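Notes follow the structure.
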Amino acid sequence: MHQEFLQKAIDLAVESAKSGQGGPYGAVVVKDKRVIAASGNKVISHIDPTAHAEVMAIRLACKELNDFQLPGCILYSSCEPCPMCLGAIYWARLAKVYFACSRYDAAAANFDDSFIYDEISVLPHQRRIAMLHLNLPNAMQPFKVWAEKNDKVLY
């Protein structure tokens, strides 16, 4: 069964590559052996660098299940998720991920995310894109308001 869902992700990736809507990636979210959501990469058609197949499938699954978390769901991806998609996977609390191609296969096809993996461990002020901390007097105010909020939804 896992092979069938992963094949669907690969088929979506092929469709995405042919259509020009985005890169050659596809993803499927499954819960209880049923496809909840599926998407190809939509970076070009949505004019959105975050519209990776995995992120799009997660967004659709959350809407379908009316929840911002996806416990008990499995993601099938045509390729090992990039750092952004990996973050989305953890925030969505997916149970498991199956993927077909590796990040090294993607790099060989000119989709190399190794520089992002490398940047994660670098201190913010030493990264290739300058990330500079400004210490404003009220910077902690949003967290203080959140801490005092009685009806907050934890995630």
Side-chain angles (χ1 to χ4, degrees), residues 1-65 67-136 139 142-143 154-155:
M1 183 166 294
H2 295 301
Q3 290 88 347
E4 292 173 30
F5 293 129
L6 191 54
Q7 185 60 56
K8 182 169 178 55
I10 292 168
D11 293 345
L12 286 165
V14 170
E15 184 181 313
S16 180
K18 287 180 179 178
S19 73
Q21 290 191 41
Y25 299 95
V28 176
V29 176
V30 172
K31 184 167 187 173
D32 300 326
K33 300 179 182 177
R34 184 173 69 87
V35 174
I36 302 299
S39 183
N41 183 288
K42 306 280 189 211
V43 168
I44 296 168
S45 64
H46 281 55
I47 313 170
D48 178 355
T50 69
H52 288 196
E54 297 91 337
V55 171
M56 297 300 295
I58 288 169
R59 289 173 181 165
L60 291 168
C62 287
K63 286 187 187 290
E64 178 67 24
L65 297 176
D67 198 340
F68 55 84
Q69 294 182 346
L70 301 171
C73 292
I74 298 173
L75 177 79
Y76 296 86
S77 179
S78 63
C79 190
E80 180 180 356
C82 76
M84 178 186 68
C85 294
L86 186 61
I89 288 163
Y90 277 95
W91 283 119
R93 310 292 200 276
L94 286 152
K96 197 177 288 186
V97 176
Y98 289 90
F99 61 91
C101 295
S102 73
R103 69 173 93 164
Y104 307 106
D105 297 323
N110 292 318
F111 290 94
D112 189 356
D113 294 328
S114 62
F115 73 99
I116 299 172
Y117 286 102
D118 294 343
E119 286 285 287
I120 291 170
S121 63
V122 175
L123 293 173
H125 68 279
Q126 295 176 336
R127 292 181 179 149
R128 292 182 194 181
I129 296 175
M131 297 189 183
L132 308 168
H133 176 239
L134 296 177
N135 192 10
L136 300 181
F143 292 121
L154 298 176
Y155 61 95

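Bear in mind that the values here come from a model prediction, so they are computed numbers and not experimental data.
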Centroid separation under 6.0 Å, is that true for the rings of Phe111 and Tyr25? yes

Name each donor-acceptor pair under 3.5 Å that joins a side chain in residues 29-44 to protein atoms two or more places apart or in another chain, with its distance.
from	atom 1	to	atom 2	distance (Å)
Asn41	OD1	Gly23	N	3.0
Asn41	OD1	Val43	N	3.0
Lys42	NZ	Gln21	OE1	3.1

Can you tell me how far [atom2] of [Y] sits from [atom1] of [X], rounded to the nearest 0.5 angstrom?
| X | Y | atom1 | atom2 | result |
| --- | --- | --- | --- | --- |
| His52 | Met56 | NE2 | CE | 11.0 Å |
| Phe5 | Ile10 | CZ | CD1 | 14.0 Å |
| Ser16 | Asp11 | OG | CG | 12.5 Å |

Is there side-chain contact between [X] and [Y], with at least one heavy-atom pair below 4.5 Å?
| X | Y | answer |
| --- | --- | --- |
| Leu75 | Lys96 | no |
| Leu60 | Glu64 | no |
| Phe99 | Cys79 | no |
| Phe68 | Tyr155 | yes |
| Arg103 | Asp113 | no |
| Leu65 | Leu70 | yes |
| Met1 | Leu6 | no |
| Tyr76 | Lys8 | no |

Around atom CD of Gln69, are there more than 12 heavy atoms of other residues, nucleotides or ligands at under 6.0 Å? yes

Could you tell me whether Ile47 atom CD1 has more than 12 heavy atoms of other residues or ligands within 6.0 Å of it? no

For [X] and [Y], work out which heavy atoms get closest and say how close.
| X | Y | result |
| --- | --- | --- |
| Ala27 | Leu12 | O-CD1, 3.7 Å |
| Ala17 | Pro24 | CB-CB, 3.9 Å |
| Ser77 | Glu54 | OG-OE2, 2.8 Å |
| Met84 | Pro49 | CE-O, 3.9 Å |
| Ala13 | Gly26 | CB-N, 3.4 Å |
| Tyr98 | Ile74 | CD1-CG2, 3.7 Å |

Between Glu80 and Ser102, is there a side-chain donor-acceptor contact under 3.5 Å, judged purely by atom types and distance? no

Any sub-3.5 Å donor-acceptor pair from Arg93's side-chain atoms to Trp91's backbone N or O? yes

Under 3.5 Å, which donor-acceptor pairs do the side chains of residues 122-135 form with other protein atoms, sequence neighbours left out?
from	atom 1	to	atom 2	distance (Å)
Arg127	NE	Glu119	O	3.1
Arg127	NE	Val122	O	3.1
Arg127	NH2	Val122	O	3.2

Test side chain to side chain contact (heavy atoms under 4.5 Å, CB included) on Lys63 and Ile58 and set out the steps. CA-CA 9 Å; Lys63 286 187 187 290; Ile58 288 169; over 6 Å; no

